[in-house]
Amino acid sequence: MAYILALDQGTTSSRAILLDRQGQIAGVAQHEFPQLFPAPGWVEHDPLDILTSQLSAAVEVLGKAGVGPGDVVALGITNQRETTIVWDRETGKPVCHGIVWQDRRTAPMCARLREEDVEDAVRQKTGLLLDPYFSATKIAWILDNVEGARRRAEQGRLAFGTVDSWLIWNLTNHQRHVTDRTNASRTLLYNIVEDCWDDELLRIFGIPRSMMPDVVWSSEIIGRVTAPLGPAGVEIAGIAGDQQSALFGQLCVAPGDAKCTYGTGCFLLQNIGDRFRLSEQRLVTTLACSPAKKLEYALEGSIFIGGAVVQWLRDNMRFFASAPDVEAIAASVPNSDGVVFVPAFTGLGAPYWDPHAAGLIIGIRRGTEIGHIARAAIESIAFQVADVLQAMDADTGIPCRELRVDGGAAANNLLMQFQADLLGIPVHRPAVLESTAQGAAYLAGLASGFWSSVDEIAQTRADAVFDPHSDSSGVDRSYARWRNAVDRAKGWNA
Ligand code: ADP
């Protein structure tokens, strides 16, 4: 038997997944690693924890499945995006912990740059916003705060990488310092129109060009793993940031194809083809994976609280013992009876971007029960996704015709049916909900000839389809009520 190995390096755990030629999962291993919170708003990872947890997961999945490295045709990597690691080229040692995408320590630098009026130039070149979320200000922070780092960087002695770069640098015994275009497009330093690290952006953020990795395509042969353990000798042939990997894993390869991942938060991405376009709805533009090795773009909108609203009902309200129980409780009532839940626990993301919005539950009456609130919570996930999809449709002028879904909360049938009713389009849920890992595996499998085409891969997949119900008047009323409730939630903490 022959397999593709996908390494899925996430924010809280490193996973390794084996896929066979039929696209079936032949093994999964998962290793969690520590989250470090050294100060309020700071989030760090030890790069060595990332590396060892990822290698351990790879070794374990091969061992459990009884597969030797000789049976693995190629390896694909997908990773938490934006997280920033700087290391010494000579020793290979990181100069400090990695700064995680969630870390807000560089908010003052972003505010200062905004005052200098550079945001528009940055947007035109990168498709992003000036926000601590992206890598550039995190690199600058390391150069300014780690003793001697700026001097060493200016002497060409330091390297920067996102997690994909760090893993590949180590897996290839320091031979390859690379990243792919999807990861590069999240740094605020890559010009996604001209397809290069941008000197003006490097100057704005004060980062020496010599630190930057070489940029490769998401689906190409990059080098062999030299580590003595696990996938020794296997060719690395795919790289993508997690959300773009999920977009590809859902085979959203044509303009207009869109996917939504329903995890802790929700991430909606739509392939917009080969023409760069800036959102007028406060979405970001980013590079998508392209096995054809040409620039392709996606619009992206992130929702902070998706499945997390269900966690909140479980852990804080103690309405039920496990997340999937929410479905039966929500189904115990025919509708939310006018209750609307806006889960703006940490403000609102796309398309509202209101850090001052507050969570609210409104429309509560004497007869309101747990079921109504649970149902309103489920509906809030779908309403937020509809808000982002409407913004995307307004940007592209092409209404989305179907939505492909994945992530833990996509297992909820009531949510998926409500989503289809609300959007008025079919919702497609694949039998295997591992789109992120599948994306990296497909990229590596295409580059290595394991699969011959996207069409061949498509034949290995089967979807459950949720078709919209024809009578939408009740749904329209409830969506209008949602918009009213959002208006009331906005600005509350200002
Ligand atoms: P992440 O990758 O962000 O950790 P997952 O894709 O594993 O997230 O999904 C976990 C999230 O999905 C949790 O927030 C959980 O509350 C929610 N969830 C899991 N199962 C269900 C379900 N059946 N219905 C609704 N939400 C669910």
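As the structure lists them, so they are numbered: ligands from 1, and atoms in each ligand from 1.
- Using a distance-only test at 3.5 Å, with no hydrogens or angles considered, no donor-acceptor pair links the side chain of Arg429 to the main chain of Asp406.
- For atom 19 (C) of ligand 1, the nearest protein heavy atom (residue, atom name, distance) is Ala323 CB, 3.7 Å.
- The proximity of Val326 to ligand 1, defined as any non-hydrogen pair under 4.0 Å, is limited to the side chain.
- Near Gly263, the atoms of ligand 1 lying under 4.0 angstrom from a non-hydrogen atom of the residue are 3 (O), 5 (P), 6 (O), 8 (O), 9 (O), 11 (C).
- For an aromatic pair to be called close, the ring centres must be under 6.0 Å apart, and Phe383 with Phe341 fails this.
- For atom 2 (O) of ligand 1, no protein heavy-atom neighbour is found at a distance under 4.0 Å.
- Among protein heavy atoms, atom 24 (N) of ligand 1 sits closest to Asn412 ND2, 3.0 Å.
- Both tests do not hold together for Arg21 against Trp451: distance to the six-membered ring centre under 6.0 Å, angle to the ring axis within 45°.
- Regarding atom 6 (O) of ligand 1, its nearest protein heavy-atom neighbour is Gly408 N, 2.8 Å.
- With hydrogens left out, the protein atom closest to atom 16 (O) of ligand 1 is Gly307 O, 2.9 Å, a heavy atom.
- With a 4.0 Å heavy-atom cut-off, ligand 1 is reached by the backbone of Ala409 and by its side chain too.
- The closest protein non-hydrogen atom to atom 4 (O) of ligand 1 is Thr264 OG1, 3.5 Å.
- Without hydrogens or angle criteria, Ser135 side chain to Glu82 main chain gives a donor-acceptor distance under 3.5 Å.
- Annotation: cation-pi geometry satisfied between Arg105 and Trp141 (NZ/CZ under 6.0 angstrom from ring centroid, within 45° of ring axis).
- Each of the atoms 14 (O) of ligand 1 lies under 4.0 Å from some heavy atom of Ala308.
- The distance from ligand 1 to the heavy atoms of Gly407 drops below 4.0 Å at these ligand atoms: 6 (O).
- Among all protein heavy atoms, the one lying closest to atom 23 (N) of ligand 1 is Pro324 CA, 3.4 Å.
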